[in-house]
Peer 1: 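Can you read through this structure? Questions will come right after.
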2 protein chains.
Amino acid sequence: MKKSLNESGVKEIARRANVSIATVDRVIHNRTGVSLKTRNKISKIIEELNYQPNLLASRLASRKVFTLGILIPGVSAETVFWEAPLKGIQRAATEIKQYGFMTEIYFFDLNDKDSFKKQATLMLDKQPNGVLLSPSFLEESIEVASICKQLAIPYVFIDSNIPGQENLCYIGPHLFKSGYVGAKLLTYAISNQSKVLVVNISKEIDNYNYLQIEEGFRAYFSDHSHTHTIVRVDIRQTDYPSIASSLTQVLNTHADIEAIFVTNSRVFSVANFLESRKETNITLIGYDFLEDNIEQLKKGTIQFLICHKPEEQGYRGVMALYQRLLGASPVEKEYYMPIDIIMKENYEFYRN
Amino acid sequence: MKKSLNESGVKEIARRANVSIATVDRVIHNRTGVSLKTRNKISKIIEELNYQPNLLASRLASRKVFTLGILIPGVSAETVFWEAPLKGIQRAATEIKQYGFMTEIYFFDLNDKDSFKKQATLMLDKQPNGVLLSPSFLEESIEVASICKQLAIPYVFIDSNIPGQENLCYIGPHLFKSGYVGAKLLTYAISNQSKVLVVNISKEIDNYNYLQIEEGFRAYFSDHSHTHTIVRVDIRQTDYPSIASSLTQVLNTHADIEAIFVTNSRVFSVANFLESRKETNITLIGYDFLEDNIEQLKKGTIQFLICHKPEEQGYRGVMALYQRLLGASPVEKEYYMPIDIIMKENYEFYRN
DNA sequence: CCTACTTTCGGGTACGTACCCGAATAAGTT
DNA sequence: AACTTATTCGGGTACGTACCCGAAAGTAGG
């Protein structure tokens, strides 16, 4: 079994144009040193042959190493979520390593703007060939973006987006629609004219995300001539005692709450709370495929989890840069992740 | 930016073992012509260095061409479903083409056992290096499997499985659980003690699949001390008039049906029927992300679609063979697809 | 017309692996 | 011991592209 003779390829182009391989190569990489006349002739032949460079040979021959800078939140007890994107990033990293891609990951603290700035500087100082970041802090992220733009470094946002930037692409959820779906799921479990509670647990940060989700959530009710009452509570401390005390207060004031929608992955805390209070009649919906959440899903304390494939976000983010730098195929500007619905009955087959 | 000097690689191994590159190569591909002593020495060094061959160089240098034989149902008005796996297969095919993989697709008629046999023979006569098939016909598929086994050709099942075969892997849904999920979704929309209808529309074939789904569906109700009545109907003709007449009859006999569960992708026909009858109070659930189904989902005639990522099934099926033949990484024996839930509110982000 | 410099181009080697061919050595035979 | 045959091994080229280096051709200034 032999490979079919390669009819296209630099060699063939060179033959047809009566020039050397080196000259063809110059045209392909539009380097200098080719007269306009030959350049045109060669370009035309390339066009005709619909030449596709052999990526294998190309990467093998090239001594160039591409460096990718990744800027994401570090994983802590409070940010378990970021385990998944990290895993995806690492998977992509090993995959493209043999193609000469080096990946450097910089972790920042989600509770500390300065750490973001610091890590960003560290990253950019290395002048990477591509950047992937989670734009958790609006202003600071825009600054990173503008520096990248200046240095002609393509950059990709994951998990949350900043519209209007010239990023290579965004890979993450459509938060508004996601909240919308959450509301829809809620309505399956509650009666008319009932009271629902929206819970946001986070340390003031990243409530940019939160706002869009809640907006979508509320939009569903207003789109469907709602007869429900929406109560909301913000919990700024992420430790369990704080959460418990806040929730106790709310549930005491509103004894008739039928359902709770938690806007991020900390649903399990709320679930723990409900469990301890032996509240079995409250429907609970939240976000993300975390171990703690799945545990409560299995027990039935949580009814639905919404998930946006965080691991795939990380993976695709890296691969988008890879594609771009190799120029293999164009990159979609906005890659919205599916809004996946996870229940007790289908969680075991879910791929994060 | 230069690539870091390659510390591992055949050259380094050869240097350390005091042999030539050719000899190292012989050991790596366990070819003959190496004395046991040198073979062991080299093996040990390979172990120590944790040598990973450079796939790029390997594929480039190899003149070998791998052929993959694909055996799946052809796409027709009745089997639109198979568009998706086909698309995935083609995507994978173009991706691995530059690595020297040729893909040949053989289509058979889902209503014609003989066409399956015929296409299978055509495929196997070419002695492909790997086989991907949808084992739609039990006996005939087992025969294909045994021939492959004999010829030492790895083979992969997609969409439905035949347990106990020595296939490289299975890629597809867990049908029982899928039916289970369907039942769960139904219960969100119906009242207690109501009557539900299970509809199976297919020409006698592939009811192997159907049985598992219905089993799961029923299991949910019995697991949850059901108070529901389940009516079922088999429709052996897939044209609309036949479906309409069957359904008319059923709905006339059972006027109090609250929900319908269709066991495959032909839900849209049922939806059309309900629409024409102006039945807006019946909950409808079915399978697959087809254009016709989405249309009815948007209109609200269908409440839920369950989907198992058919396109990804095709893609992954091919890639499993690719991985195996290149020996890059081991292949999971059973790759169950997620059981995805699609509603009006999240369909636009779904990736098939 | 000669020298100095710029532009345009081709030869050739390298990337890491696959594999052919023939040489050297070992084993067996008369 | 001489010769045949089998076994073991190394040299070297090829895969398709990248890129270095130096040669040839063209341009300008005197």
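Just so it is clear: chains get the letters A, B, ... in the order the sequence lines come, proteins before strands, and each one is counted from 1.
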Peer 1: For the aromatic rings, using the six-membered ring if either is Trp, is the centroid distance between A/Tyr336 and B/Phe349 under 6.0 Å?
Peer 2: yes
Peer 1: Parallel, tilted or perpendicular: which fits the ring planes of B/Phe137 and B/Phe116, with parallel below 30° and perpendicular above 60°?
Peer 2: perpendicular
Peer 1: Starting at atom CG of A/Leu56, determine the distance to atom P of C/dA18, rounded to an integer number of angstrom.
Peer 2: 12 Å
Peer 1: Between B/Arg15 and B/Glu12 (salt bridge meaning N to carboxylate O under 4.0 Å), is one present in this structure?
Peer 2: yes
Peer 1: Measure CD1/B/Ile13 against P/D/dG10 and give the value in whole Å, please.
Peer 2: 14 Å
Peer 1: Do A/Glu311 and A/Arg91 pass the salt bridge (charged side-chain N to carboxylate O under 4.0 Å, His left out) test, and can you show the C-alpha distance, the side-chain angles, and the key distance before you say yes or no?
Peer 2: CA-CA 9 Å; A/Glu311 186 178 328; A/Arg91 186 158 53 90; 3.3 Å; yes
Peer 1: To the nearest angstrom, how far is B/Asp25 atom CG from D/dA14 atom P?
Peer 2: 17 Å
Peer 1: What is the distance, rounded to the nearest whole Å, between atom CG of B/Asn54 and atom P of C/dG16?
Peer 2: 7 Å
Peer 1: For DNA chain C, determine which residues of residues 27-41 of chain B have any heavy atom closer than 4.0 angstrom to one of its atoms, and list them numerically.
Peer 2: B/His29, B/Arg31
Peer 1: B/Leu60 has an atom CG; how far is it from atom P of C/dA18, in whole Å?
Peer 2: 11 Å
Peer 1: For D/dG16, does the base pair up with any side-chain atom of B/Arg59 as donor and acceptor (N or O, under 3.5 Å, distance only)?
Peer 2: no
Peer 1: Under 4.0 Å from any atom of DNA chain C, heavy atoms only: list the residues of residues 14-22 of chain A that qualify, in numerical order.
Peer 2: A/Asn18, A/Val19, A/Ser20, A/Ala22
Peer 1: Roughly how many Å is it from CG in B/Leu55 to C1' in D/dC15, rounded to a whole number?
Peer 2: 15 Å
Peer 1: Tell me, do A/Val131 and A/Val156 make a side-chain contact under 4.5 Å, heavy atoms counted?
Peer 2: no
Peer 1: So, does B/Lys333 use its side chain to make a donor-acceptor pair with the main chain of B/Asn167 at under 3.5 Å?
Peer 2: yes
Peer 1: Nearest-Å distance, CZ (B/Arg26) to C1' (C/dA18)?
Peer 2: 11 Å
Peer 1: Is it possible for you to check whether B/Arg351 lies under 6.0 Å from the centre of the six-membered ring of A/Tyr335, through NZ or CZ, and within 45° of that ring's axis?
Peer 2: yes
Peer 1: Establish, with yes or no, whether the OP1 or OP2 oxygen of D/dC15 is under 4.0 angstrom from a side-chain nitrogen or oxygen of B/Tyr99.
Peer 2: no
Peer 1: Indicate yes or no for a side-chain donor-acceptor contact from A/Thr23 to the backbone of A/Val19 under 3.5 Å, with no hydrogens or angles considered.
Peer 2: no
Peer 1: Rounded off to whole Å, could you give me the NZ-to-C1' distance for the A/Lys64 and D/dC20 pair?
Peer 2: 15 Å
Peer 1: Is a side-chain donor or acceptor of B/Ser62 paired with a backbone partner of B/Lys64 at a separation under 3.5 angstrom?
Peer 2: yes
Peer 1: Does a nitrogen or oxygen in the side chain of A/Thr23 sit under 4.0 Å from OP1 or OP2 of C/dC9?
Peer 2: no
